[in-house]
Amino acid sequence: MSEAAKAITAGPDGPGTGPRHVAIIMDGNGRWAEKRGRPRLLGHRAGARRVREIVQACPDLGISFVTIFAFSTENWKRTQEEVSGLMGLFRRYIEAEAQNLLAEGVRVRFIGDRVRLDAKLRGLMDMIEALTAHNTRINLTIALNYGGRDEVARATKRLARDVAAGKLDPEAICDETLPRYLDTHVLPDPDLVIRTSGEARISNFLLWQSAYSEYEFVDTLWPDFTRAHFEDVIARYGRRERRYGGVTA
Ligand code: FPP
């Protein structure tokens, strides 16, 4: 980590105690485009370019895990034009970025229900996950057709099947059991959740996992959210005190 990054992430526990896992609700693409009198899809394209910049900033800020909300289980309610435009954008993003992400040490994973996604996109998702599976520098998780309630419902179904098959004793279920069935089972919980565009909602994102996350709601629209904005948010996190329900020592 650079000296500048150490200063940015210096929290109450000393330098470099910034967040290990940052989750981002990338909101405001539509408004960014509308403000310019352009189609909403143009805002999503500008948003996709920001993803690259923010992911590249992570190692320098001591962030090993970044999880981005790309498409929610509720986003299917948008016009067919916007939905198919977004799906095309995800396909092109994977095709265009696969080799860069591989070279930059980024391991890509997806969370969410893949069943409703088209076969071409699912194939590309499998491809980039396999291609980058040995990378360890940054863990980029893309939430695609993801909803926190849907994830808990799908996890519960799998858990119930294990109970029915006699593989899991219902009496042994505790608060550490369900996370093993969630899409995020290999990830740490997010330390910080950022939402851009001035809205202060969690919109069904990482409901279980963010029980003790810090939240930052910033006014900037996602396509305008630069590395400098990101560094400001990380510096603010460093000044927070996390007590996890306890009291200050
Ligand atoms: C929310 O803004 C954003 C989305 C629903 C899509 C997020 C997608 C991207 C940033 C595209 C790139 C992602 C990848 C992984 C390549 P909104 O459309 O709800 O904005 P609004 O609230 O201003 O209408």
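Every number for a ligand or one of its atoms is a count from 1 in the order of the listing. For the single chain, residues carry numbers from 1 onward in sequence order. All values reported here derive from a predicted model rather than from experimental measurement.
Asn135 places a side-chain N or O within 3.5 Å of a backbone atom of Val106 that can act as its donor or acceptor partner. A donor-acceptor pair under 3.5 Å is formed between the side chain of Glu53 and the backbone N or O of Arg227. Thr196 places a side-chain N or O within 3.5 Å of a backbone atom of Asp27 that can act as its donor or acceptor partner.
Atoms of ligand 1 found under 4.0 Å from any heavy atom of His44 (numbered from 1 in listed order, with element): 4 (C), 6 (C), 11 (C), 18 (O). Each of the following atoms of ligand 1 lies closer than 4.0 Å to a heavy atom of Ala48: 12 (C), 16 (C).
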Verdict with supporting geometry, Glu74 and Lys77, salt bridge (Lys or Arg N to Asp or Glu O under 4.0 Å) | CA-CA 6 Å; Glu74 290 72 35; Lys77 292 184 214 149; 5.9 Å; no

Show your reasoning for whether side-chain contact (heavy atoms from CB on, under 4.5 Å) applies to Leu144 and Leu117.
-> CA-CA 9 Å; Leu144 227 171; Leu117 303 174; 4.1 Å; yes

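Side chains of Arg107 and Thr136: a donor-acceptor N/O pair is absent below 3.5 angstrom, by distance only. With 3.5 Å as the limit, one finds no donor-acceptor pair spanning the side chains of Asp191 and Tyr212.
In terms of protein heavy-atom proximity, atom 20 (O) of ligand 1 is closest to Gly30 N, 3.1 Å. Protein heavy atom at the shortest distance from atom 10 (C) of ligand 1 is Asn29 ND2, 3.3 Å. Taking atom 1 (C) of ligand 1 as the reference point, the nearest protein heavy-atom neighbour is Met26 O, 3.3 Å. The nearest protein atom to atom 7 (C) of ligand 1, hydrogens excluded, is given as Ala70 O, 3.4 Å; this is a heavy-atom distance.
Ligand 1 has Arg78 within reach: a non-hydrogen atom of the residue lies less than 4.0 Å from it.
When the heavy-atom distances from atom 13 (C) of ligand 1 to Phe71, Phe90, Tyr93, Phe110 are ranked, the shortest goes to Phe90.
Under 4.0 Å from ligand 1, the heavy atoms of Asn75 that appear belong solely to its side chain. Residue contacts with ligand 1 for Arg40 involve side-chain atoms from C-beta outward but no N, CA, C or O (heavy atoms, distance under 4.0 Å). Counting heavy atoms closer than 4.0 Å to ligand 1, residue Arg91 contributes nothing at all.
Hydrophobic clustering of Ile, Leu, Val, Met, Phe, Trp and Tyr side chains at less than 4.5 Å, counting indirect connections, unites Phe110 with Ile24.
Relative ring orientation between His21 and Phe65 is described as tilted, the plane-to-plane angle lying within the 30° to 60° band.
Checked against a 3.5 angstrom limit, the closest N/O atoms of Arg31 and ligand 1 fall inside it. For a threshold of 3.5 Å applied to N or O pairs, the pair formed by Asp27 and ligand 1 contains at least one separation below that value.
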